[in-house]
Amino acid sequence: MDNIIINQFKKSRIINNIRNKLLLRPSIYLKPKSKDLSVSDFFFWNSKNNFRTKIYITNLASQILPDIKQDDFIKIIIYESNGIQIDEIDMKLKAFETREFFFDDKKYLNKYGSFFIFHKFKNMGDLIRNGCHIAERGYTGYKKDDGVWNFVHGNHYSASLLSNGKIQSLLSTSLFKSNYRMQVSFVDSYKSELILNNPSDKNSYFDFLYFDTDMKQIDKESLKLKGKNTKIYKLSKKKFKYLEIESNIIFCRPLVLKHYNTYFDIFHA
């Protein structure tokens with residue numbers, strides 16, 4: 001019994017947070033406060049410079065518990081790049097239903113930002129008993145002009161929706177900066193950008209370290225990103241091949257937007 005209590009204490013959110021702050025066996029994400037909470041990525045949307053965005057929203061209850069036919073109640077919370085909430089949408093998906101949601105409304109035009117999608121359904125089956133959470137990490141599509149849609153899978157367990165309607169960030173942060181070396185070369189595109197967003201209410205800090213082909217550092221830039229803000233960050237104009245990010249976010253994996261003469265590519269590195 002004592003061992004069970006000790007193990008539960010070690011796995012608690014408070015201890016997890018302390019370990020993360022000190023970088024002692026840190027975890028990539030924090031656990032939600034309770035097992036029945038919905039989790040979402042902080043998805044990027046863009047309606048500037050002839051870009052369009054859409055996302056497929058699916059009844060997750062039908063995917064996870066196909067033998068139980070039930071409705072899935074969806075809440076979409078949308079923020080502009082400056083962190084101001086500009087929309088909140090509620091929808092109900094019937095069993096096995098999937099919808100496309102487009103960011104084509106006038107309120108989104110010539111803007112960009114990030115959004116959450118939270119799910120809720122009545123019958124959780126064995127999900128809670130097995131320590132599982134409802135998590136939206138679906139596919140977001142991006143398109144420019146008359147080009148084809150380019151899809152990106154969800155990147156993070158960014159936040160959970162509490163029972164009081166508040167949003168709680170799940171990104172692990174530390175008092176010390178940790179490094180994320182991106183597994184991508186930047187020599188093949190004429191312009192490259194990072195998509196950085198902050199699902200928490202606190203500031204996040206980033207240092208961008210640029211390296212040449214011999215892994216020699218040639219440049220450094222810094223950025224502060226306020227809570228719920230999103231930034232399309234243009235990378236250095238200097239010729240570089242590799243990029244490393246130092247941040248108080250422990251697993252700082254951004255989206256990468258690479259521009260080519262013919263089209264663009266977007267992915268998480």
Side-chain angles (χ1 to χ4, degrees), residues 8-9 11-21 26-45 55 57-65 68 70-94 99 101 103 107-108 113-138 140 154-174 197-204 225-230 248-251:
Q8 289 178 342
F9 179 71
K11 295 178 181 179
S12 71
R13 184 184 175 91
I14 295 175
I15 296 301
N16 190 182
N17 221 336
I18 293 173
R19 292 204 328 265
N20 290 343
K21 294 300 181 185
S27 61
I28 295 177
Y29 308 115
L30 294 173
K31 292 182 179 180
K33 279 191 171 182
S34 63
K35 295 180 180 180
D36 59 343
L37 294 178
S38 176
V39 173
S40 175
D41 192 2
F42 201 28
F43 298 94
F44 168 67
W45 64 271
I55 187 166
I57 307 174
T58 296
N59 184 319
L60 290 186
S62 297
Q63 287 194 340
I64 301 168
L65 305 164
I68 305 173
Q70 58 182 318
D71 295 333
D72 187 352
F73 297 88
I74 312 294
K75 183 178 289 293
I76 309 172
I77 304 175
I78 303 170
Y79 297 85
E80 200 175 340
S81 59
N82 58 9
I84 294 176
Q85 182 179 325
I86 59 173
D87 211 351
E88 183 171 325
I89 301 164
D90 292 298
M91 67 172 66
K92 182 177 72 172
L93 297 184
K94 297 179 180 179
R99 294 188 198 176
F101 181 84
F103 286 80
K107 69 183 77 173
Y108 310 128
S114 298
F115 63 99
F116 299 109
I117 299 179
F118 297 108
H119 295 253
K120 186 176 182 180
F121 42 88
K122 293 181 180 179
N123 194 332
M124 301 285 287
D126 292 331
L127 292 178
I128 294 178
R129 184 174 61 84
N130 291 327
C132 299
H133 296 94
I134 310 167
E136 176 59 75
R137 295 184 67 190
T140 312
N155 191 21
H156 285 295
Y157 285 164
S158 293
S160 60
L161 182 64
L162 303 180
S163 57
N164 61 5
K166 292 184 178 181
I167 294 171
Q168 184 173 51
S169 173
L170 298 180
L171 288 189
S172 292
T173 59
S174 173
N197 58 17
N198 181 5
S200 75
D201 294 322
K202 299 179 180 179
N203 295 335
S204 291
L225 194 62
K226 295 181 179 180
K228 300 297 191 300
N229 277 220
T230 301
N248 62 316
I249 298 174
I250 291 174
F251 185 55

message: Please determine whether side-chain contact (heavy atoms from CB on, under 4.5 Å) holds for the pair Asn155 and Phe44, giving the CA-CA distance in whole Å, both sets of side-chain angles, and the decisive distance to 0.1 Å.
response: CA-CA 10 Å; Asn155 191 21; Phe44 168 67; over 6 Å; no
When you compare the side chain of Leu30 with that of Asn16, does any pair of heavy atoms fall below 4.5 Å? yes
Is there a donor-acceptor pair under 3.5 Å between the side chain of Asn59 and the backbone N or O of Leu93? yes
Under 3.5 Å, is there a donor-acceptor pair between the side chain of Gln70 and the main chain of Asp72? no
In Asn229, Ile249, Leu171, Asn197, the residue satisfying side-chain contact (heavy atoms from CB on, under 4.5 Å) with Ser204 is Ile249
Tested for side-chain contact (heavy atoms from CB on, under 4.5 Å) against Thr58, the lone hit among Gln63, His119, Arg99 is Gln63
Exercise for review: Quick one: do Phe42 and Phe116 satisfy side-chain contact (heavy atoms from CB on, under 4.5 Å)? Show the steps, please.
Suggested key: CA-CA 5 Å; Phe42 201 28; Phe116 299 109; 3.4 Å; yes
Does this structure show an ion pair linking Asp71 with Lys94, if we count only N-O contacts that are shorter than 4.0 Å? no
Going by distance alone, is a donor N or O of one side chain under 3.5 Å from an acceptor N or O of the other, for Tyr108 and Asp87?
yes
From the list Ile167, Ile74, Ile134, side-chain contact (heavy atoms from CB on, under 4.5 Å) partner of Phe118 resolves to Ile167
message: Closer than 3.5 angstrom, by distance alone: can the side chain of Asn198 be matched with the main-chain N or O of Leu225 as a donor-acceptor pair?
response: yes
How are the rings of Trp45 and Phe103 set to each other: parallel, tilted or perpendicular (split at 30° and 60°)? parallel
*asked:* More than 12 heavy atoms of other residues, nucleotides or ligands under 6.0 Å from NZ of Lys21: yes or no?
replied: yes
**Study point:** Residues Thr230, Ser81; criterion side chain to side chain donor-acceptor pair (under 3.5 Å); working and verdict
**Key:** CA-CA 5 Å; Thr230 301; Ser81 59; over 6 Å; no
Next on the checklist: Ring-plane angle category for Tyr29 and Tyr157, please: parallel below 30°, perpendicular beyond 60°, tilted otherwise.
Outcome noted: tilted
Without swapping roles, check the side chain of Lys92 against the backbone of Phe73 for a donor-acceptor pair under 3.5 Å.
no
TODO: For Ser172 and Ser27, indicate whether the former's side chain and the latter's backbone hold a donor-acceptor pair under 3.5 Å.
DONE: yes
Do we see a donor-acceptor contact under 3.5 Å between the side chains of Asn248 and Thr173? no
Interatomic distance, NZ@Lys202 vs NZ@Lys228, rounded to 0.5 Å, equals 11.5 Å
